[in-house]
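Here is the structure we will look at, set down as structure tokens.
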Amino acid sequence: MIGFGVPNEPDQITHRVLPEAALGPPYFYYENVALAPKGVWTTISRFLYDVEPEFVDSKFFCAAARKRGYVHNLPIDNRFPLLPFPPRTIHEAFPLTRKWWPSWDTRTKLNCLQTCIASARLTDKIRKALEDSDGEPLLGIQKFVLEQCRKWNLVWVGRNKVAPLEPDEVEMLLGFPRNHTRGGGISRTDRYKSLGNSFQIDTVAYHFSVLKDKFPGGINLLSLFSGIGGAEVALHRLGIPLKNVVAVEIAEVNRNILRSWWEQTNQRGTLTDIQDVQELNGDRLEQLIKNFGGFDLVVGGSPCNNLTGSNRYHRDGLEGKDSALFFDFCRILDLVKCIMNGTKSMIV
DNA sequence: CTTAACATGAAACCTTAG
DNA sequence: CTAAGGTTTCATGTTAAG
């Protein structure tokens, strides 16, 4: 799962032909989970001008897996990665765990970072199971422990002791600055939730890197479902100045995180918060676009709640309550295209 | 009212053996 | 080719405690 290519791997594709209707401006970038129910990505592609999805696992960029699909109309030649490369194995990312890591735990990469962590009861159960055996644990015990470690992304923090990742460790793996989601009234569980829903910065920045030459004077960004600001952080770390950013995000804690980052990094552009994508109708968009001459890039990863395998209750596909917001991405992108090109919208 | 802890499978893909 | 087995997954609902 390397899409059109990732750094340090062969089989790079540097050329593709986009459908006529997909050509910008603006550039657009849509993201969601790769392992969605059957047919979902076919539908997503069809609604986004028949652009072929690019499926990439972020394990090629960091120490954790993250299988995602991206539909975008960005150029794909002359991409470059953020430097320095983040640690790409568990041992490099968490050197202190090495001392306690048993030889029979052969993991070198973590699994996907999710929104919940393992219970204390589980790590306690694992400790007790291991303490009962002196020396090498029985194969059955090893199998059980390893299975739980994979399932819950546990790391070794002491003799017979495993633990879930701390929020700041998740921030690091995803490529965010330390303490990005800390403070300002956000709870620990909300940090896990916001981080678990986010982009992996190095992956997205690799795709965005082709924009650096094109927008030396800065970029106007429409960031839908912006969350904790993955797109903004990626562009910033690439050294692409942010001129006008319109960020749409339903959760107040996430809007606060992005606003706080915006101020801490001394951004010189303007950040406009919008709470709900439903507020973005034709009139509002026309007004915004008139203010600063149009968007260069429209980014969004719409909710995956009804697509991900982690959801035991309502994995209903794109028509699900939350995941149907994908169609708002399409609606808004289409409106932006039409307003900027002076044509009439196909959507009523 | 928040926050935290905890229990709760299955779809879809992959590998392997035959 | 098929079947069996292995592996992974941006989560939700309930309960309790503050």
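Within every chain, numbering begins at 1; the chains are lettered A, B, ... in the order of the sequence lines, protein sequences first and strands thereafter.
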Worked check of side-chain hydrogen bond (donor to acceptor under 3.5 Å, both in side chains) between His207(A) and Tyr29(A):
CA-CA 9 Å; His207(A) 298 158; Tyr29(A) 189 82; 2.7 Å; yes
What do the steps show when you test Glu147(A) against Lys151(A) for salt bridge (Lys or Arg N to Asp or Glu O under 4.0 Å), and what is the final call?
CA-CA 6 Å; Glu147(A) 188 184 312; Lys151(A) 188 175 200 168; 5.6 Å; no
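For the P atoms, the distance linking dC10(C) with dA7(B) amounts to 23 Å, nearest Å.
Between Arg88(A) and Glu9(A) there is no salt bridge, since no side-chain N of the basic residue sits under 4.0 Å from a carboxylate O of the acidic one.
Within the nucleic acid shown, Arg68(A) comes within 4.0 Å of at least one base atom, counting heavy atoms only. Residue Gly301(A) is in base contact, counting any heavy-atom pair closer than 4.0 Å across all strands shown. Backbone-only contact: Arg150(A) has heavy atoms under 4.0 Å from sugar-phosphate atoms and none from a base. Lys67(A) comes within contact range of the sugar-phosphate backbone alone, with a heavy-atom separation under 4.0 Å but no base atom that close. Using a 4.0 Å heavy-atom criterion, one finds that Ser194(A) contacts no nucleic acid atom at all. Looking at heavy-atom distances under 4.0 Å, Cys116(A) makes contact with a base. Nucleic acid contact for Glu31(A): base, since at least one base atom lies under 4.0 Å from a heavy atom of the residue.
The closest side-chain donor-acceptor pair between Asn311(A) and Asn305(A), if any, does not fall under 3.5 angstrom.
Distance CG (Asp124(A)) to C1' (dA5(B)): 14 Å, rounded to an integer number of Å. Between the CH2 atom of Trp41(A) and the C1' atom of dC13(B) there is a distance of 16 Å, given to the nearest Å. In this structure, Lys193(A) places its NZ atom 13 Å from P of dT2(B), rounding to the nearest Å. Atom NZ of Lys59(A) and atom P of dC14(B) are 11 Å apart (whole Å). One atom, CG of Asn111(A), and another, P of dC13(B), lie 18 Å apart when rounded to the nearest Å. The CG atom of Leu122(A) sits 10 Å away from the C1' atom of dC6(B) (whole-angstrom rounding). Look at NZ on Lys125(A): it is 16 Å from C1' on dA5(B), rounded to the nearest Å. Protein atom CG of Asp316(A) is 16 Å distant from nucleotide atom P of dA10(B), rounded to whole Å.
Where Asn311(A) and Ser187(A) meet DNA chain B, the nucleotide closest to each residue was compared, and Ser187(A) sits on the side nearer the 5' end. The nearest heavy atom of DNA chain C to Lys143(A) and to His314(A) marks one nucleotide each, and the one closer to the 5' end goes with Lys143(A). Nearer to the 5' terminus of DNA chain B, by closest-nucleotide assignment, is the contact made by Asp190(A) (compared with the other of Arg315(A) and Asp190(A)).
Under the 3.5 Å distance criterion, the side-chain polar atoms of Asn197(A) are matched with a main-chain donor or acceptor of Lys193(A).
A ring-centre distance under 6.0 Å is not found for Trp261(A) and Phe176(A).
Look at Thr189(A) and you won't find any side-chain N or O under 4.0 angstrom from OP1 or OP2 of dA5(B). Put simply, Arg121(A) has a side-chain N or O that comes within less than 4.0 Å of OP1 or OP2 on dA7(B).
Of all nucleotides in DNA chain C having an atom under 4.0 Å from a heavy atom of chain A, the first and last in 5' to 3' order are dT8(C) to dG13(C).
Across all strands shown, dC10(C) forms no Watson-Crick or G-U wobble pair with both key distances under 3.5 Å. Pairing of dG9(B), defined by two Watson-Crick or G-U wobble distances under 3.5 Å, is not identified with any nucleotide.
Qualifying side-chain hydrogen bond (donor to acceptor under 3.5 Å, both in side chains) partners for Tyr49(A), counting only residues two or more places apart in sequence or in other chains: none. Taking Phe199(A) as the reference, nothing meets the ring-ring contact (aromatic ring centres under 6.0 Å, His included) condition, with sequence neighbours excluded.
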